[in-house]
Number of protein chains: 2
Amino acid sequence: MAKSGNKSRARTDGEATRERIIEAAADTLCAEGFAGTSARSIAAKGGFNQALVFYHFGSVNDLLMAALAHVGHVRMATYTETVGNLDNLSDLVSAARSIFAEDLDRGYMKVLSEMISGASTYPELGPRIWQEIEPWISFTKGSISRVIGDTALTSAVPAGEVAFAIVSLYLGMELLTQLAGQRSSADSLFGAVERLGSLFAPFIQSTQSDGKGEQET
Amino acid sequence: MAKSGNKSRARTDGEATRERIIEAAADTLCAEGFAGTSARSIAAKGGFNQALVFYHFGSVNDLLMAALAHVGHVRMATYTETVGNLDNLSDLVSAARSIFAEDLDRGYMKVLSEMISGASTYPELGPRIWQEIEPWISFTKGSISRVIGDTALTSAVPAGEVAFAIVSLYLGMELLTQLAGQRSSADSLFGAVERLGSLFAPFIQSTQSDGKGEQET
DNA sequence: GTCTATACTTGGATAGAC
DNA sequence: GTCTATCCAAGTATAGAC
């Protein structure tokens with residue numbers, strides 16, 4: 001009880017602080033960008049001391065990587081739960097639409113895009129960030145394969161390349177919508193994709209419900 | 001009056017220096033990223049004095065904006081010349097493919113993506129950068145309209161939204177390919193789009209060759 | 001127009017008190 | 001585990017010599 005010298009409480013406090021710092025780091029990255037994110041600006045936003053960054057994480061960049069990984073886990077949980085079991089195209093697109101809106105609002109994509117930009121300045125971050133992104137490309141590829149299945153489309157355009165394109169598109173839209181200050185363009189794009197999906201849905205469904213392989217090109 | 005005492009020579013030297021500085025700024029942005037680009041790092045790369053940045057451009061950010069605008073003009077000239085008159089889909093895609101490869105190699109896209117990231121740290125840059133991007137979205141939209149024309153596709157997906165998506169995709173691919181250190185993914189994606197284009201080309205061509213005006217949705 | 005020198009500010013990182 | 005104090009490196013920007 002209270003704030004006295006209790007071992008498990010002390011450990012708990014340390015963990016809690018770590019999390020506060022990670023939260024503040026992500027917030028600062030969103031608000032100030034990579035170039036504006038320093039141990040001092042993070043500490044100011046989180047209301048703790050600047051030295052804690054180095055005590056808990058060793059360096060600013062290591063903290064930022066921890067923040068990126070944290071955001072990645074949170075989002076992967078949401079995505080898995082929300083789109084992990086959808087098996088038709090229009091459900092997938094509309095789920096992607098609403099989650100992407102949430103990504104934008106909460107700045108999850110921004111944390112990623114700022115870190116990628118930071119990797120130009122600190123190249124040693126590059127491979128570490130790539131490791132955080134790869135699961136997303138795999139996840140996207142899996143979702144596509146599940147929904148599109150084995151149609152003429154996938155023989156012309158392999159799911160892996162579509163996944164790469166979609167992740168790229170998400171990143172690019174994040175950059176542009178932040179810049180233009182209006183996320184309407186991105187959102188109406190999803191509407192367009194939904195209409196496109198409806199156009200092709202019968203074709204995809206019928207081909208897929210046959211349940212079997214098509215030829216590879 | 002310096003070494004020649006010739007007025008126009010003096011003016012020429014000043015202009016030449018301005019250009020050297022702009023070149024060095026773009027190079028530094030590519031090599032070090034926004035966070036690593038300072039008056040000092042730019043001057044080191046260009047082999048001139050750090051104070052010249054402030055004499056000629058007033059501030060680092062103003063120099064960087066000048067560099068961005070410069071790169072934009074250079075690339076717009078190339079794009080206009082190369083794809084400005086193409087009127088069928090496969091030519092357009094393969095032209096876009098080779099120019100995008102050049103964009104990557106020479107770091108033109110990188111200058112842009114780094115500046116966009118920098119706008120998070122210096123919000124006053126946002127609108128100025130957006131001004132540089134808008135012409136590209138218009139250009140892309142124009143190219144699409146010219147090539148796709150008035151098909152069922154454009155009624156489902158307006159050219160403006162496709163243009164927004166394509167510019168986003170370019171940006172996103174720039175980020176990812178830099179990070180992964182392999183541009184094969186991006187390049188093979190173009191291959192996929194080319195195959196897709198072939199799939200739809202007959203349909204598009206036949207509809208378009210009927211012929212006429214555009215309608216907005 | 002270009003360079004040197006310098007004032008001022010911010011940031012990474014550590015030592016040591018609590 | 002957290003805070004204060006501090007060192008040092010790097011950056012912006014300006015003044016003034018050439």
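Proteins come first, then strands; the chains are lettered A, B, ... in the order of their sequence lines, and each starts at number 1.
The interatomic distance linking A:Leu52 (CG) with D:dT2 (P) rounds to 5 Å, in whole Å. If you take CG of B:Leu63 and P of D:dG11, they are 15 Å apart, rounded to a whole angstrom. In this structure, B:Ile42 places its CD1 atom 14 Å from C1' of D:dA13, rounding to the nearest Å. Residue B:His56 contributes atom NE2, which lies 16 Å from atom P of D:dA13 at whole-angstrom precision. Atom pair B:Asn49:CG and D:dA15:P shows a separation of 16 Å (rounding to whole Å applied).
Within residues 111-126 of chain B, no residue has a heavy atom under 4.0 Å from DNA chain D.
Between the side chains of A:Ser117 and B:Glu114, at least one donor N or O sits under 3.5 Å from an acceptor N or O.
Here the side chains of A:Met173 and A:Arg183 are not in contact, with every heavy-atom distance at 4.5 Å or above. In this structure the side chain of B:Thr177 never reaches within 4.5 angstrom of the side chain of B:Asp187, judged on heavy atoms. Residues A:Ser94 and A:Glu194 meet the side-chain proximity criterion, which asks for heavy atoms closer than 4.5 Å.
Considering B:Asn88, B:Val93, B:Leu92 in turn, B:Asn88 is the only one that fulfils the side-chain contact (heavy atoms from CB on, under 4.5 Å) rule with B:Ser90.
Partners of A:Glu81 according to the side-chain contact (heavy atoms from CB on, under 4.5 Å) rule, which considers only residues two or more places apart in sequence or in another chain, do not exist here.
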B/S/- along nucleotides 11-18 of chain C (protein heavy atoms under 4.0 Å) is BBBB----
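Taken from CG in A:Asn61 to CG in A:Leu68, the straight-line distance is 11.5 Å, to the nearest 0.5 Å.
Taking the six-membered ring where the residue is Trp, the centroids of B:Phe34 and A:Phe34 are separated by 6.0 Å or more.
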Donor-acceptor pairs under 3.5 angstrom involving side-chain atoms of residues 40-53 of chain A: please list them, not counting sequence neighbours.
| residue | atom | partner | partner atom | Å |
| --- | --- | --- | --- | --- |
| A:Ser41 | OG | A:Gly36 | O | 3.2 |
| A:Ser41 | OG | A:Ser38 | N | 2.7 |
| A:Ser41 | OG | A:Ser38 | O | 3.1 |
| A:Ser41 | OG | A:Ser38 | OG | 3.2 |
| A:Asn49 | OD1 | A:Ala51 | N | 2.8 |

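Each salt bridge (charged side-chain N to carboxylate O under 4.0 Å, His left out) pair with one or both residues in residues 58-80 of chain A, not counting sequence neighbours, appears once here: A:Asp62-A:Arg128, A:Arg75-A:Glu102, A:Arg75-A:Asp103.
Within a 6.0 Å radius of CG in B:Asn85, other residues, nucleotides and ligands contribute 12 heavy atoms or fewer.
Where the helix from C:dG1-D:dC18 to C:dC18-D:dG1 starts and where it ends, the local axes point in directions that differ by 0°; five pairs per end, rounded to 10°.
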